[in-house]
Colleague: 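To start, I am sharing the structure in question, which I have written as structure tokens.
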Amino acid sequence: MAGPRVEVDGSIMEGGGQILRVSTALSCLLGLPLRVQKIRAGRSTPGLRPQHLSGLEMIRDLCDGQLEGAEIGSTEITFTPEKIKGGIHTADTKTAGSVCLLMQVSMPCVLFAASPSELHLKGGTNAEMAPQIDYTVMVFKPIVEKFGFIFNCDIKTR
């Protein structure tokens, strides 16, 4: 998908990972190339952490996109999306990084996938500064199901 590249300053607002997740998901949905600079500049450890990298890689795979500059500690990435496809997609933070934040970046995209999607997410269920898994299952899940979104959550370990 071609279009003008969107430039995002990742240090705006609280300067955390939310601007990265939202802008990447919107880039994927709208088919617009994206560059995010100053990623997590407001944090004590700036740049990508494992959970951010896992989310970016999953979005890249969801749409057969191109992702450049994505490595632990990186403060700038470029992302070029293609058409969102369905299928089974896996993300593993390899840390206690939040699976709920992985859901935040991926769910908007799978809603518009060409075919059904299944996400296998591995990471933390109750991380600091992230939605808790109980909130996600007991509050978020019933709301999205009212819109026809099938949401199964099989928690193996907390």
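Just so it is clear, the model here is predicted, and its values are computed rather than measured.
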Colleague: What I'd like to find out is whether the side chain of I133 reaches to under 4.5 Å of the side chain of C153, using heavy atoms alone.
Modeller: yes
Colleague: Does CD in E14 sit with more than 12 non-hydrogen atoms of other residues, nucleotides or ligands closer than 6.0 Å?
Modeller: yes
Colleague: Can you tell if the side chain of V110 reaches within under 4.5 Å of the side chain of F149, non-hydrogen atoms only?
Modeller: yes
Colleague: Going through the checks in order, is the side chain to side chain contact (heavy atoms under 4.5 Å, CB included) test met by R5 and L32?
Modeller: CA-CA 6 Å; R5 183 167 71 182; L32 294 173; over 6 Å; no
Colleague: Can you name the salt bridge (Lys or Arg N to Asp or Glu O under 4.0 Å) partners of K156, sequence neighbours left out?
Modeller: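 K156 satisfies salt bridge (Lys or Arg N to Asp or Glu O under 4.0 Å) with D154 only.
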Colleague: Is there any salt bridge (Lys or Arg N to Asp or Glu O under 4.0 Å) pair reaching into residues 117-138, and which pairs are they, with sequence neighbours excluded?
Modeller: D134-R158
Colleague: Between atom SG of C28 and atom CD1 of I84, what is the distance when rounded to the nearest 0.5 Å?
Modeller: 4.0 Å
Colleague: Only counting residues at least two apart or in another chain, list the ones meeting side-chain hydrogen bond (donor to acceptor under 3.5 Å, both in side chains) with T93.
Modeller: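 Partners of T93 under the side-chain hydrogen bond (donor to acceptor under 3.5 Å, both in side chains) test: T95.
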Colleague: After noting the C-alpha distance and the side-chain angles of K38 and T75, does the key distance pass the side chain to side chain contact (heavy atoms under 4.5 Å, CB included) rule?
Modeller: CA-CA 5 Å; K38 301 179 192 169; T75 58; 5.9 Å; no
Colleague: If you look at every heavy atom in S74 and G69, which pair is closest and at what distance?
Modeller: OG-O, 2.5 Å
Colleague: How about CZ on F112, more than 12 heavy atoms from neighbouring residues, nucleotides or ligands closer than 6.0 Å, or not?
Modeller: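 For F112, atom CZ is not crowded (no more than 12 foreign heavy atoms under 6.0 Å).
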Colleague: I would like to know whether E145 and I150 meet side chain to side chain contact (heavy atoms under 4.5 Å, CB included); could you show each step before the answer?
Modeller: CA-CA 6 Å; E145 287 179 338; I150 299 169; 5.8 Å; no
Colleague: Which pairs of donor and acceptor atoms, one on a side chain in residues 39-46, lie under 3.5 Å apart (sequence neighbours left out)?
Modeller:
{"residue": "R40", "atom": "NH1", "partner": "T45", "partner atom": "O", "Å": "2.8"}
{"residue": "R40", "atom": "NH1", "partner": "G47", "partner atom": "O", "Å": "2.8"}

Colleague: So which heavy atom on I19 is nearest to which on S23, and how close?
Modeller: O-OG, 2.7 Å
Colleague: So, do I77 and L48 sit near enough that their side-chain heavy atoms are less than 4.5 Å apart?
Modeller: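 Heavy-atom side-chain distance check passes, below 4.5 Å.
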Colleague: In terms of hydrophobic clusters joined by side-chain contacts under 4.5 Å, are V144 and I155 together?
Modeller: yes
Colleague: Mind checking side-chain contact (heavy atoms from CB on, under 4.5 Å) for I72 and listing every partner two or more places apart, or none if nothing turns up?
Modeller: R49, P50, L53
Colleague: Within this structure, what is the SG-CG distance for the pair C109 and D61, rounded to the nearest 0.5 Å?
Modeller: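 With rounding to 0.5 Å, SG (C109) is 12.0 Å from CG (D61).
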Colleague: Taking all heavy atoms of L101 and all of M129, pick out the closest pair and write down the distance.
Modeller: CD1-O, 4.5 Å
Colleague: Please enumerate all residues that pass side-chain contact (heavy atoms from CB on, under 4.5 Å) together with R60, with sequence neighbours excluded.
Modeller: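 Per chain and number, R60 pairs via side-chain contact (heavy atoms from CB on, under 4.5 Å) with E57, L67, F79.
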Colleague: Does any part of the side chain of M107, heavy atoms only, come nearer than 4.5 Å to the side chain of F140, both counted from C-beta?
Modeller: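 The answer is yes; the side chains approach within 4.5 Å.
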Colleague: Which residues satisfy the salt bridge (Lys or Arg N to Asp or Glu O under 4.0 Å) test with R35, sequence neighbours excluded?
Modeller: E7, E76
Colleague: Determine which pairs satisfy side chain to side chain donor-acceptor pair (under 3.5 Å) with at least one residue from residues 98-116, sequence neighbours left out, and list them in order.
Modeller: Q18-Q104, R21-Q104
Colleague: With sequence neighbours left out, write down each residue that passes salt bridge (Lys or Arg N to Asp or Glu O under 4.0 Å) with K85, or none if nothing qualifies.
Modeller: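 K85: salt bridge (Lys or Arg N to Asp or Glu O under 4.0 Å) contacts with D64.
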Colleague: Would a hydrophobic clustering, with Ile, Leu, Val, Met, Phe, Trp and Tyr connected at side-chain separations under 4.5 Å, put M13 with V36?
Modeller: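 Result: yes, single cluster for both.
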Colleague: Could you work out, with side-chain contact (heavy atoms from CB on, under 4.5 Å) as the rule, every residue matching A114, not counting sequence neighbours?
Modeller: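 For A114, the residues satisfying side-chain contact (heavy atoms from CB on, under 4.5 Å) (neighbours in sequence not counted) are K83.
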Colleague: For the OG1 atom of T24 and the CG atom of L34, what is their distance to the nearest 0.5 Å?
Modeller: 5.5 Å
Colleague: If you define the side chain from C-beta out and look only at heavy atoms, does anything of P33 sit under 4.5 Å from V6?
Modeller: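 No. Closest side-chain heavy atoms not under 4.5 Å.
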Colleague: Name all residues meeting the side-chain contact (heavy atoms from CB on, under 4.5 Å) criterion together with L121; count only those two or more places apart in sequence or in a different chain, and write none if there are none.
Modeller: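 Per chain and number, L121 pairs via side-chain contact (heavy atoms from CB on, under 4.5 Å) with M58, A91, V99, L102, M103, L119.
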Colleague: Give me each pair satisfying salt bridge (Lys or Arg N to Asp or Glu O under 4.0 Å) with a member in residues 86-112, each pair once, sequence neighbours excluded.
Modeller: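 Output for this query is empty, none listed.
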